[in-house]
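Report on one structure; see the data block that follows.
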2 protein chains.
Amino acid sequence: MAEGVRHGPNVPRVLKTNIPGATVSRLPIYLRCLNDLPASVNTCSSEQLGIIAGVKSAQVRKDLSYLGSYGVRGVGYNVADLSGQIKKALGLTRGYHVVIVGAGNLGSALAGYGGFGSWGFEVVGLVDVDPAKIGAIHHGVTIEPITNLEEICSQREVAIGIVATPSHAAQDVADRLAAAGVVSILNFAPTVLHVPDSVDVRRVDLSTELQILTFHLQNREEGAG
Amino acid sequence: MAEGVRHGPNVPRVLKTNIPGATVSRLPIYLRCLNDLPASVNTCSSEQLGIIAGVKSAQVRKDLSYLGSYGVRGVGYNVADLSGQIKKALGLTRGYHVVIVGAGNLGSALAGYGGFGSWGFEVVGLVDVDPAKIGAIHHGVTIEPITNLEEICSQREVAIGIVATPSHAAQDVADRLAAAGVVSILNFAPTVLHVPDSVDVRRVDLSTELQILTFHLQNREEGAG
DNA sequence: CGTTGTGAAGGTCTTCACAGCC
DNA sequence: GGCTGTGAAGACCTTCACAACG
């Protein structure tokens with residue numbers, strides 16, 4: 001589970017469900033699409049879901065088949081049922097406590113992200129090194145000193161840590177989160193984190209995304225000119 | 001290039017360089033790793049680069065082989081040369097103008113992101129619908145009305161649009177960006193954008209990432225218990 | 001020597017095509 | 001009739017293992 005791999009062959013060692021990584025990364029999209037459907041829609045075919053999710057219908061069917069068989073031939077999938085099955089597969093039947101490390105522009109923007117609650121995520125801590133920031137309230141969350149990180153993680157049963165620090169501080173934060181028993185890290189710092197195999201890191205990196213866009217941009221232009 | 005596909009088989013139609021998508025998405029990581037090396041380091045082996053980038057050395061070599069043969073057997077890669085080759089492959093030898101749509105928490109945090117400049121990206125516009133925000137200056141960028149979007153894109157030669165609006169507004173913004181000739185979009189709104197094939201969209205989605213983490217979290221716990 | 005570059009092997013993921021079922 | 005579920009085929013990606021080379 002080392003970082004840099006989005007869903008490589010290095011699969012978690014102990015795995016009950018056998019859902020391929022590529023499928024896992026699409027399930028949240030399906031879930032959102034189902035959620036955005038008008039309440040009057042009770043049923044949805046793989047073709048329809050594929051169109052709104054931007055995926056081929058065969059892909060949708062194969063993905064959903066890993067959850068078991070919840071479709072009705074000739075009809076499609078029951079929206080509520082399917083939604084529930086996806087939530088169950090993703091572990092969204094319970095809530096998760098999240099701590100955000102770094103209360104800069106990004107950290108406080110994340111703290112104010114409204115979408116957390118709807119999927120059962122709750123920000124139970126926002127910490128920063130800067131003494132001047134301590135005590136300030138961003139979007140309803142009080143900034144605490146980073147020295148409290150370990151205490152916050154254990155006492156508030158934090159499951160997920162979000163690293164929103166400058167890159168030079170990110171590795172140290174990741175080490176501390178891992179030591180405090182946090183096994184899931186979402187890294188917004190533009191650096192590769194090195195963590196034990198038992199810790200799962202996902203990276204969200206603006207520069208990387210922009211550079212991938214420019215690659216295609218350049219190739220398109222070369223092709224055109 | 002429809003969204004939802006990170007690097008599927010739907011390859012851009014006209015493509016000069018034949019670099020696989022998976023490799024393209026790792027090149028920015030290598031580039032950053034090389035950049036972070038101390039200035040005293042002139043040379044770097046695939047083994048070393050692999051360790052800091054979190055990738056197997058064979059993978060590094062195969063990836064770099066697509067750029068041509070720039071390594072020296074028995075020695076490794078010249079850091080400066082390799083860095084230049086990667087930049088060239090990614091199209092980073094020129095600058096790109098970026099417009100950010102949506103000046104909420106996230107939009108203004110992005111406007112203040114220091115990492116833009118170092119790779120040749122320049123934020124030339126930050127727009128919002130809210131009349132109350134117009135004229136305010138966030139991190140040196142003045143907020144302009146979204147009605148100016150088309151004008152900004154054409155007059156300032158915008159290459160990349162960043163969508164940082166609420167999800168209900170995102171599709172409309174994408175349509176307008178596409179109509180204004182912007183062919184690269186980075187979408188932070190939690191929704192799937194539907195754009196013409198000629199437009200390249202990449203999605204950055206906090207909820208999705210968190211849900212993928214909880215999938216692994218749940219499976220780990222099931223395995224342990 | 002040590003390290004690159006690469007064919008070949010082995011996985012994983014996507015797409016097709018159609019049997020099976022409502 | 002229409003749609004799901006799935007084996008099979010094919011595309012893509014990673015890893016291995018070693019010849020080639022400075």
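The sequence lines fix the lettering, A, B, ..., with proteins before strands; numbering per chain opens at 1.
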> Where do B:Val183 and B:Ser198 come nearest, in terms of heavy atoms and distance?
Replying inline: CB-O, 3.9 Å
>> Taking the side chain as everything from C-beta on, heavy atoms only, tell me whether B:Asp81 gets closer than 4.5 Å to B:Tyr70.
In response: no
> Is any side-chain heavy atom of A:Leu206 closer than 4.5 Å to a side-chain heavy atom of B:Phe188?
Replying inline: yes
>> Side-chain N or O of B:Tyr77 versus OP1/OP2 of C:dG5: is the shortest distance under 4.0 Å?
In response: yes
> In whole angstroms, how far is the C1' atom of D:dG1 from the CD atom of A:Glu47?
Replying inline: 15 Å
> For the atom pair CG (B:Leu34) and CD1 (B:Ile52), what is the distance rounded to the nearest 0.5 Å?
Replying inline: 6.5 Å
> For B:Gln59 and D:dC13, what is the distance between atoms CD and P respectively, to the nearest whole Å?
Replying inline: 10 Å
> Are side-chain heavy atoms of A:Tyr96 and B:Thr214 found at a separation under 4.5 Å?
Replying inline: yes
> In whole Å, what is the span from the CG atom of B:Asn18 to the P atom of D:dA11?
Replying inline: 15 Å
> Distance check: side-chain N/O of B:Ser46 vs OP1/OP2 of C:dT4, anything under 4.0 Å?
Replying inline: yes
>> Do A:Ser83 and A:Leu31 have side chains that approach each other closer than 4.5 Å (heavy atoms only, starting at C-beta)?
In response: yes
> When you measure from every atom of DNA chain D, which of residues 65-72 of chain A have a heavy atom less than 4.0 Å away?
Replying inline: A:Ser65, A:Ser69, A:Tyr70, A:Gly71, A:Val72
Every protein N/O lying under 3.5 Å from an N/O of nucleotides 16-19 of chain D:
from   : atom 1 : to      : atom 2 : distance (Å)
D:dA17 : N6     : B:Arg61 : NH2    : 3.4

> Atom CD1 of A:Ile19 to atom P of C:dC13: distance rounded to whole Å?
Replying inline: 12 Å
>> Between P on D:dC3 and CG on A:Asn42, what's the gap in Å once rounded to a whole number?
In response: 16 Å
> What is the minimum heavy-atom distance between A:Val195 and A:Ala174, and which atoms define it?
Replying inline: CG1-CB, 4.2 Å
> What do the steps show when you test B:Gln171 against B:Asp175 for side chain to side chain donor-acceptor pair (under 3.5 Å), and what is the final call?
Replying inline: CA-CA 6 Å; B:Gln171 183 60 57; B:Asp175 292 344; 2.8 Å; yes
> In whole angstrom, what separates A:Leu64's CG from D:dT6's C1'?
Replying inline: 14 Å
> Which nucleotide in the list D:dT14, C:dT4, D:dC3 gets nearest to the side chain of A:Ser45?
Replying inline: D:dC3
> Starting at CG of B:Leu82 and ending at P of C:dT4, how long is that distance when rounded to a whole Å?
Replying inline: 11 Å
> Out of curiosity, B:Arg202 CZ to B:Ile162 CD1, how far, rounded to the nearest 0.5 Å?
Replying inline: 13.0 Å
